[in-house]
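See below for the structure under consideration.
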Amino acid sequence: MFDRARLPFRTLLIACWLLPGLSACDSAQQAVGIEPAGAKLARLDAEGKAVGGACRQSGRAIEDCYSIYSWLPKASIYEGWRDMDIYMRENKLETVEPQLPPPQPPGSKKKRAAAGEPTEGEGKSTPKPTAKE
């Protein structure tokens with residue numbers, strides 16, 4: 001009989017103990033780097049629009065932009081590109097030439113010179129003119 005009276009108290013105690021742990025799931029996910037699906041889609045959409053606008057401003061073709069930034073949604077890239085195109089036409093703005101090469105897509109490795117080929121400044125010599133007597 002005494003155990004039956006303690007059963008609701010135990011259940012309440014266990015629930016109160018688990019509640020803080022369960023309420024911190026978002027904080028734990030953020031600390032680990034797990035992103036909710038809705039937040040990830042919103043972030044990728046915003047990044048796609050920004051990239052599309054930047055591609056248009058730099059005079060890059062939309063197809064090039066799609067291939068360089070293949071991990072971003074094409075619809076967002078197009079929307080950003082189109083919005084920037086309208087803005088540039090209305091305000092009669094010229095394109096700005098990019099100063100840096102486009103970034104490598106994630107997961108791709110940088111190309112290295114072959115082992116037999118000398119890199120810039122190494123082992124390259126120009127033939128010296130011979131002195132004629």
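In what follows, every heavy atom counts, from backbone to side chain, and hydrogens, waters and symmetry copies are set aside.
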So, for [X] and [Y], which heavy atoms are closest and what is the spacing to 0.1 Å?
{"X": "Cys65", "Y": "Gly52", "result": "SG-CA, 4.5 Å"}
{"X": "Ile68", "Y": "Arg60", "result": "CD1-NH1, 3.7 Å"}
{"X": "Ser76", "Y": "Asp45", "result": "OG-OD1, 2.9 Å"}

[X], [Y]: one ILVMFWY side-chain cluster at the under-4.5 Å cut-off?
{"X": "Tyr66", "Y": "Leu44", "answer": "yes"}
{"X": "Trp81", "Y": "Tyr87", "answer": "no"}
{"X": "Ile62", "Y": "Trp71", "answer": "yes"}

Among all residues two or more places apart in sequence or in another chain, which pass the side chain to side chain contact (heavy atoms under 4.5 Å, CB included) test with Ala50?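 Residues passing side chain to side chain contact (heavy atoms under 4.5 Å, CB included) with Ala50: none at all.
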For Ala39, side chain to side chain contact (heavy atoms under 4.5 Å, CB included) partners two or more places apart: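 Per chain and number, Ala39 pairs via side chain to side chain contact (heavy atoms under 4.5 Å, CB included) with Glu35, Pro36.
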Evaluate Tyr69 against Cys55 for side chain to side chain contact (heavy atoms under 4.5 Å, CB included), listing each step before the verdict. CA-CA 10 Å; Tyr69 301 98; Cys55 282; 4.1 Å; yes
Any side-chain heavy atom of Met88 sitting closer than 4.5 Å to one from Thr95?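 A side-chain contact under 4.5 Å exists here.
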Return the CG to CE distance between Leu93 and Met84, rounded to the nearest 0.5 Å.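 Rounded to the nearest 0.5 Å, the CG-CE separation comes out at 8.5 Å.
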Which residue pairs pass the salt bridge (Lys or Arg N to Asp or Glu O under 4.0 Å) test with at least one member in residues 85-96, sequence neighbours excluded?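 Residue pairs passing salt bridge (Lys or Arg N to Asp or Glu O under 4.0 Å), neighbours aside: Arg56-Asp85, Asp85-Arg89.
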